[in-house]
Number of protein chains: 2
Amino acid sequence: MDLSPIAEEYLKAISTLETEHARPIRTVEIADEIGVTSASVSSMIDTLDERGLLEHTPYKGVELTGDGEEIVTTLVRKHRLLETFLTDHLDYRWTDVHEEADRLEHHVSDEFATRLATFLDDPTTDPHGDPIPDTALTVSEESVQTPLTEYEAGETVVVAQVPDRDHDVREYLFEHGLEPGTELYLEAVTAVGILEVVPDDADDSVSIPTKIARHVSARATSR
Amino acid sequence: MDLSPIAEEYLKAISTLETEHARPIRTVEIADEIGVTSASVSSMIDTLDERGLLEHTPYKGVELTGDGEEIVTTLVRKHRLLETFLTDHLDYRWTDVHEEADRLEHHVSDEFATRLATFLDDPTTDPHGDPIPDTALTVSEESVQTPLTEYEAGETVVVAQVPDRDHDVREYLFEHGLEPGTELYLEAVTAVGILEVVPDDADDSVSIPTKIARHVSARATSR
DNA sequence: CACTAATATTAGCCTAGTCTAATTATCCTC
DNA sequence: GAGGATAATTAGACTAGGCTAATATTAGTG
Ligand SMILES: [Mn+2]
Ligand SMILES: [Mn+2]
Ligand SMILES: [Mn+2]
Ligand SMILES: [Mn+2]
């Protein structure tokens with residue numbers, strides 16, 4: 001039988017946490033990520049385990065199986081293709097596409113994804129700079145990207161990735177003209193950790209709190 | 001609170017039956033249309049009545065209220081915009097779009113519909129020739145269209161509408177080269193009611209059983 | 001090593017939507 | 001106008017996913 005959108009959301013959450021922590025994921029972490037109680041998570045873990053999508057060691061945590069990961073990658077591919085379509089063709093702001101894609105990813109068919117990818121000319125990154133898995137569900141090496149906080153005053157970098165899920169961070173970046181592709185001159189790093197940067201299309205410098213800059217990654221300019 | 005996709009499907013079914021019969025709709029008719037038991041329908045009727053989306057006269061039948069009709073029209077608009085997108089931009093055959101649209105219509109936001117309509121250049125008919133309600137949810141007068149069976153041998157007509165939901169009928173029409181816009185010369189109507197027609201792009205005539213022709217509507221050619 | 005805090009699981013209840021079986025209402029025919 | 005057929009509703013049970021409260025396990029601290 002087919003997996004429900006809710007079950008799929010659990011798999012995605014577990015995958016995100018695995019990438020973040022590189023170790024088995026605890027019940028309470030999933031509960032926090034999704035916003036349900038630990039009791040609900042325990043029960044969903046049972047059903048996902050029975051379907052062979054994860055391995056559960058009671059009182060220890062869970063790990064996705066190959067099958068579980070495959071489902072997640074399919075979802076991520078659909079999600080990022082949808083986000084790309086929304087920004088590139090429906091004129092959505094890149095700050096507004098995540099929620100729509102997060103709903104639709106569970107309802108578009110594989111056929112739809114294949115055809116949408118062709119329509120979009122097989123894009124490799126989404127509007128937030130995240131890689132789009134290809135048809136074989138291979139994720140291109142997340143090219144070496146470094147948090148903005150690792151650079152030093154005087155350097156010029158290009159914004160590579162911005163967070164897709166945190167509304168406030170998205171709005172902050174949008175309002176200050178930062179998005180994937182924006183070139184930045186790193187003017188100064190203040191004592192309290194605020195970065196003063198000058199975007200390529202602006203005259204004045206913009207202050208970015210560390211709390212936000214930590215989640216923005218950038219590449220050194222090839223120039 | 002928001003309506004579930006399932007509740008929305010009930011409203012659509014009732015609306016379809018109302019259009020077809022122009023009288024209050026009975027429980028068993030809804031059950032047949034959706035494929036559930038009468039007991040399930042009775043219970044859903046209660047919830048939709050409580051929400052003011054239909055009026056139920058026990059043992060007599062239901063009628064949609066204005067609010068109920070509005071929800072249906074919004075769904076129909078989304079459905080037909082999606083079908084148009086799928087055929088015109090994702091290269092789906094017009095025979096294959098109904099099912100995808102029937103799922104997605106419940107999950108795309110109003111914002112998405114608005115933007116998709118703009119992207120598509122505000123189309124007024126879908127790939128089956130059905131009218132697309134506009135933003136104000138007005139359905140353009142279903143322009144006078146007559147079933148193919150009403151025409152007589154010797155006339156030339158243009159196919160205006162084909163059925164969107166019946167898989168077998170869709171396949172039959174597709175395989176015989178009939179779709180909205182196809183021009184037909186009505187060669188003969190046989191005693192048993194089979195129509196012999198010649199599509200504009202074919203040399204040979206094609207036989208269409210009455211059972212199918214009844215569901216295809218056409219306009220007399222303006223030529 | 002025992003105690004406590006944190007975490008996980010289980011038990012039991014709720015809602016939405018489904019079903020079958022039982023009951024009730026309506027309608028049609030004689 | 002009564003009887004039987006048909007349709008509608010109600011009762012009661014099941015599943016998925018949620019919750020709270022109770023219980024069990026683990027881990028860390030003294
Ligand atoms: Mn996203
Ligand atoms: Mn999602
Ligand atoms: Mn359709
Ligand atoms: Mn539908």
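Keep in mind the model is a prediction, meaning the values are calculated, not measured. All chains are named by letter (A, B, ...) in the order of the sequence lines, taking the proteins before the strands, and each is independently numbered beginning at 1.
Toward the 5' end of DNA chain C, the nearer of the two residues B:Ile34 and B:Arg26, judged by each one's closest nucleotide, is B:Ile34. For the pair A:Pro58 and A:Ile6, nearest-nucleotide mapping onto DNA chain D gives the more 5' position to A:Ile6. Between A:Pro5 and B:Tyr59, the residue anchored closer to the 5' end of DNA chain D is B:Tyr59, taking for each the nucleotide with the nearest heavy atom.
Under 4.0 angstrom from either OP1 or OP2 of D:dT9 there lies at least one side-chain N or O belonging to B:Ser42. Here A:Thr27 reaches the OP1 or OP2 of C:dT9: one of its side-chain N or O atoms lies under 4.0 Å away. Phosphate contact (OP1/OP2 of D:dG17, side-chain N/O of A:Ser4, threshold under 4.0 Å): present. OP1 or OP2 of C:dT9 sits under 4.0 Å from a side-chain N or O of A:His56. Contact check, B:Thr37 against C:dC19: a side-chain N or O comes under 4.0 Å of OP1 or OP2. At least one side-chain nitrogen or oxygen of B:Tyr10 sits closer than 4.0 Å to the OP1 or OP2 atom of C:dT18.
In this pair, B:Phe119 and B:His89 present their aromatic rings tilted. The plane angle is within the 30 to 60° band.
Put simply, NE2 on A:His106 is 13 Å from P on D:dG17, counting in whole angstrom units. Counting to the nearest Å, the P atom of C:dA25 and the NZ atom of B:Lys60 are 13 Å from each other. In this structure, the CG atom of A:Asp2 is 14 Å from the P atom of D:dA16, given to the nearest Å. Note: CD1 (A:Ile45) to C1' (C:dA8) measures 9 Å, nearest angstrom. Atom CE in A:Met44 sits roughly 16 Å away from atom C1' in C:dT9 (whole-Å rounding). Atom-to-atom, CG of B:Leu48 to P of D:dT9 comes out at 13 Å; the value is rounded to the nearest Å.
Under a 3.5 Å cut-off, the side chain of A:Arg115 and the backbone N or O of B:Leu90 do form a donor-acceptor pair.
A:Phe85 has its ring centre less than 6.0 Å from the ring centre of B:Phe85. Aromatic ring centres of A:His167 and A:His98 lie farther apart than the 6.0 Å criterion allows.
Base contact: B:Ser43 has a heavy atom under 4.0 Å from a base atom.
No more than 12 heavy atoms of other residues, nucleotides or ligands sit less than 6.0 Å from atom CD of B:Glu152.
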